[in-house]
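Working notes, structure below.
To find a chain, count down the sequence lines: A is the first, B the second, and so on, and within it residues start at 1. Values below: all heavy atoms of this structure, side chains included; hydrogens, waters and symmetry mates excluded.
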Amino acid sequence: MRYAAQKGTKDILPAEIYKWHKAERVFADVCHDFGYEEIRIPTFEQTDLFQRGVGDTTDVVTKEMYTFNDKGGRSITLRPEGTAGVVRSYIENGMASLPSPVRMFYSITAFRYEKMQKGRMREFHQFGLEAFGSEGPAIDAEIISVVDIFFKKIGLKNIKLCINSIGCPSCRNKYNEMLKDYFRPHVSTMCEDCQARFEKNPLRMIDCKIDGGKEVVQNAPRLIDYLCDDCKTHFEALKNKLDVIGIRYEIDPNIVRGLDYYTRTVFEFVSENVGTQGTICGGGRYDGLVENCGGAPTPGIGFAMGVERLLLEAEAQGIEFEKNDSVKIYFAGMSDAANEEIAKICYELRSNGIGCETDLMNRSFKAQMKYAGKSGIPYLAVIGDDELNTGKVNIKKMDDGSQTEVELDKIIVFLKR
RNA sequence: GUGGGAUUAGUUCAGUUGGCCUAGAGCGCUGGUUUGUGGCACCAGAUAUCCUGGGUUCGAAUCCCAGAUCCCACCCCA
């Protein structure tokens with residue numbers, strides 16, 4: 001036990017990979033059904049992209065990034081999330097000239113240097129998507145329904161959708177001033193963090209877990225009540241669209257999201273089961289981000305889903321992911337001559353896309369049978385002198401024990417049906 | 001950054017007031033139960049720097065000190 005996986009990293013073992021495959025497949029399918037295409041972006045970018053994109057006052061950027069200098073002296077950062085990289089790619093590849101909206105999804109690993117907890121890793125996986133060029137609110141409702149349908153297809157139930165609007169820069173600035181005026185007389189009685197937030201980002205004070213229960217905080221003016229007319233209309237329209245489709249939601253005025261780029265719509269899909277890390281999926285609109293990263297003013301919206309949290313939740317809900325066993329048949333050999341025949345048959349089967357296995361360790365017949373039984377391979381065929389002489393073999397279906405006589409050169413046909 | 005818990009075989013764990021520990025068990029693994037039909041059962045077997053380094057002691061998995069690693073919670077987030 002000399003080496004161990006690094007803190008916050010984890011092996012995804014063969015025994016559980018099928019869940020990941022299933023989730024990835026379903027997510028891609030749902031995205032495709034909405035017209036999203038996959039994009040694959042690099043694992044690292046220049047540090048500046050994240051500072052500018054994610055926001056250099058956020059926790060993520062100030063203390064959680066994996067940043068290092070490469071041999072050319074450039075500051076490089078392992079992506080802490082996916083949006084910034086996709087935005088960079090959108091601009092760099094001139095995607096603004098594609099028909100709007102430009103819709104892309106991804107499945108990535110992301111890196112944040114954090115203390116570990118249940119459902120929180122230093123290297124973790126996200127499914128996400130981004131849509132550019134549409135101010136919505138139809139597209140806001142669309143991406144929310146992507147998540148909704150995805151959960152449905154996976155079989156997840158009781159995931160609460162919380163939505164909020166944090167307005168555009170202009171109404172948020174006005175609101176921040178108002179909030180400061182409101183909190184000013186009370187700051188001294190609040191927690192240290194809130195005293196810092198008061199100057200930097202008063203909006204976050206509302207979200208505070210320490211002071212959150214206090215009357216002062218609960219009675220604080222809520223941004224959602226002070227949206228400008230455009231933002232209000234936008235939010236009302238989103239709610240209406242969700243109502244029409246029949247997606248249930250809760251308005252949570254306290255959602256502010258941790259990344260600076262959000263504007264207007266923000267949302268979270270929350271569970272009670274995933275430790276305290278209840279947020280399985282979070283997202284929102286970022287109308288200023290493309291411009292902020294050097295592109296033309298372009299509205300955008302997206303979300304990211306934590307795959308580890310998704311799977312934890314699925315497990316908590318007792319959801320079974322189907323395995324597709326790729327190996328269909330096991331050949332037990334009784335002699336050297338039989339093993340040669342088996343080698344030929346296996347080569348033929350595999351060439352035709354039919355998975356098969358046979359003994360590789362010179363095991364006794366009994367041991368081969370034991371292996372066949374325990375491995376869960378659905379079919380079994382024993383080949384010895386009899387089979388070589390008659391050219392026929394009994395293929396046994398392992399789960400019910402039934403046997404079918406098949407000619408050696410018809411095994412493919414038999415297994416293909 | 002702040003707190004709490006843990007660390008003994010591949011894995012889950014047991015290990016009495018420090019001596020019977022030459023460290024055990026379940027599961028898993030390998031083989032066998034007359035080389036022609038599996039999962040079960042039975043038998044046999046392999047596998048452990050008892051996290052590391054110091055210390056106390058006639059004697060340490062067990063007590064003391066330091067460190068490492070992991071987990072959980074706060075904060076924040078996916």
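- Close to B:rA73, at under 4.0 Å from its OP1 or OP2, lies a side-chain N or O of A:Gln117.
- Across all strands shown, B:rA73 is found opposite B:rU2 as a Watson-Crick or G-U wobble partner, with both distances under 3.5 Å.
- Ring orientation note: the planes of A:Phe27 and A:Phe127 are close to parallel, at an angle under 30° on the 30°/60° scale.
- Within the nucleic acid shown, A:Gly376 has no heavy atom closer than 4.0 Å to any nucleic acid atom.
- Under the Watson-Crick and G-U wobble criteria, each requiring two contacts below 3.5 Å, nucleotide B:rG18 is left unpaired.
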What verdict does the salt bridge (Lys or Arg N to Asp or Glu O under 4.0 Å) test give for A:Lys160 and A:Glu250, after you've listed the backbone C-alpha separation in whole Å, the side-chain angles of each residue and the deciding distance to 0.1 Å? CA-CA 8 Å; A:Lys160 191 165 70 174; A:Glu250 208 167 273; 3.4 Å; yes
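- Both distances falling under 3.5 Å, in either a Watson-Crick or a G-U wobble arrangement, place B:rU7 opposite B:rA68.
- Look at B:rA60: it lacks any Watson-Crick or wobble partner with both distances under 3.5 angstrom.
- At the heavy-atom level, A:Ala367 lies under 4.0 Å from the strands shown only through sugar-phosphate atoms.
- If you find the closest nucleotide of RNA chain B to A:Lys374 and to A:Lys397, the one lying nearer the 5' end belongs to A:Lys374.
- Looking at heavy-atom distances under 4.0 Å, A:Glu123 makes no contact with the nucleic acid at all.
- Side-chain N/O atoms of A:Glu114 and base N/O atoms of B:rG1 include no donor-acceptor pair closer than 3.5 Å.
- With both pairing distances under 3.5 Å, B:rA25 is matched to B:rU12 as a Watson-Crick or G-U wobble pair.
- An OP1 or OP2 oxygen of B:rG38 is reached within less than 4.0 angstrom by no side-chain nitrogen or oxygen of A:Lys370.
- Of all nucleotides listed (B:rU37, B:rA78, B:rC70), B:rU37 comes nearest to the side chain of A:Lys396.
- With its ring centre under 5.5 Å from that of the base six-membered ring and a plane angle below 30°, A:Phe124 counts as stacked on B:rA78.
- Taking only side-chain atoms of A:Val382, from C-beta outward, the nucleotide of B:rG38, B:rG36, B:rA78 with the closest atom is B:rG36.
- When heavy atoms are screened at a 4.0 angstrom cut-off, A:Arg363 is found touching the sugar-phosphate backbone but no base atom.
- If you check every strand for non-hydrogen atoms under 4.0 Å, A:Met116 touches a base.
- A donor-acceptor contact under 3.5 Å is not formed by the side chain of A:Lys366 with the base of B:rG32.
- In this structure, A:Ser364 does not reach the B:rG31 phosphate: none of its side-chain N or O atoms is under 4.0 Å from OP1 or OP2.
- Not a single donor-acceptor contact under 3.5 angstrom links the side-chain atoms of A:Arg120 to the base of B:rC72.
- A:Lys115 comes within 4.0 angstrom of a base, heavy atoms only.
- Pairing for B:rU30 is with B:rA44, a Watson-Crick or G-U wobble pair whose two hydrogen-bonding atom distances lie under 3.5 Å.
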